[in-house]
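Order of listing sets the numbers, starting from 1, for every ligand and every atom in it. Because only heavy atoms are used, hydrogens play no part in the values below, and waters and symmetry mates are left out as well, while side chains stay in. Everything numeric in this text was worked out from a predicted model, so none of it was measured.
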Amino acid sequence: MGELGQHAGAGAITPITVRQGAFAFADETPAHWIPHAPELAQMINGASFVMPHLEPFLVATLGEAAKLIEDPAVRREARDFCMQETQHYRTHRRFNDVILGQGYGALAEIEAEMAHSYARLLQRPLPVRLAYAAGFEAMTLGLTEWLVGHRTRLFRGADPHVTSFILWHMVEETEHKLVAHDVYEAVSPGYWRRAYGVLHGSIDVIRWGRRCYRALLLQDGRWRQPASRLKVWWWAARFLMGTGPALLRAMVPGHDPRQVKDHPWVRDWIAGHERAGERGAPMPLIDTQSAAMPVPF
Ligand SMILES: [Fe+2]
Ligand SMILES: [Fe+2]
């Protein structure tokens with residue numbers, strides 16, 4: 001770990017609020033929770049199955065790095081990140097267990113492979129893992145821009161519980177957009193490893209997500225239906241167009257997520273939650289029948 005160093009002056013840090021992932025999922029929560037786009041629902045479900053393996057890895061990695069950081073602001077930021085991500089993967093676990101219970105048992109085998117893969121990744125040097133974390137977090141910013149920006153088309157008429165849960169996760173990804181980058185810069189700065197991490201973190205997660213949604217759609221009998229496969233390709237292309245700019249941006253030397261503007265809906269969500277001031281109460285649900293789909297506060 002000889003190249004680990006300290007890098008002072010992270011610049012303004014936006015505060016992170018740790019919220020309870022107070023979402024309840026009934027056993028009958030539909031796997032096809034977006035009625036007009038069942039393939040997209042299963043693709044998002046596939047990503048959800050990755051989270052209880054990926055996010056504990058992020059927590060372990062940034063938690064380990066936090067101990068090496070001298071700047072108290074960045075150290076606190078890293079610890080808040082860990083608490084936020086812990087809420088995320090616990091909530092995804094609850095949702096995933098409901099889906100598993102609906103006859104998608106094939107996912108359990110892929111979950112075992114993911115557990116093994118992330119355990120192996122945890123053996124890699126800390127700077128490699130931090131670059132992976134920063135790279136993945138850069139992709140989630142692009143994903144947030146896409147999902148939040150197109151929410152009225154993507155989620156119109158969708159199950160409000162699952163929609164609200166997914167968009168809550170996206171809001172908090174924006175809220176902690178600086179952390180993985182700041183921690184990487186504080187502990188192990190270096191351009192080329194960081195640029196490689198953008199590809200490593202994004203491609204690895206996309207690959208696991210695809211494995212999961214393929215299994216879900218195989219179980220549905222849709223994977224081999226040409227019309228369904230075309231829709232999967234269509235959504236995959238939309239996803240790549242949505243996240244591609246964020247990935248390219250993250251690979252530019254000197255990239256700093258502070259330069260990325262937050263979507264106004266995300267800012268409204270954060271301000272609305274702050275005003276509501278309820279802690280531990282069930283999150284209010286987004287009205288997915290609404291043409292504007294405003295924040296639920
Ligand atoms: Fe997360
Ligand atoms: Fe995150």
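- Residue E172: no N/O/S atom is found under 2.8 Å from the Fe ion (ligand 1).
- Ion pairing of R19 with E175 is present here, as a side-chain N (NZ or NE/NH1/NH2) and a carboxylate O approach within less than 4.0 Å.
- Here the Fe ion (ligand 2) is the vertex; the OE2 atom in E85 and the OE2 atom in E137 give an angle of 90° (to 10°).
- Among the heteroatoms counted here (N, O or S) of E173, OE2 is the one nearest to the Fe ion (ligand 1).
- Side chains of H88 and Q84: no donor on one and acceptor on the other come within 3.5 Å.
- Among heteroatoms of the N, O or S kind in E55, OE2 lies nearest the Fe ion (ligand 1).
- Residue H88: an N/O/S atom is found under 2.8 Å from the Fe ion (ligand 1).
- A salt bridge links R93 to D97: at least one charged side-chain nitrogen sits closer than 4.0 Å to a carboxylate oxygen.
- Taking the ring centre of W223 as origin, the terminal cationic atom of R229 falls inside the region bounded by 6.0 Å and 45° from the ring axis.
- Tested against W33, the residues N45, T163, D159 include a single side-chain hydrogen bond (donor to acceptor under 3.5 Å, both in side chains) partner, N45.
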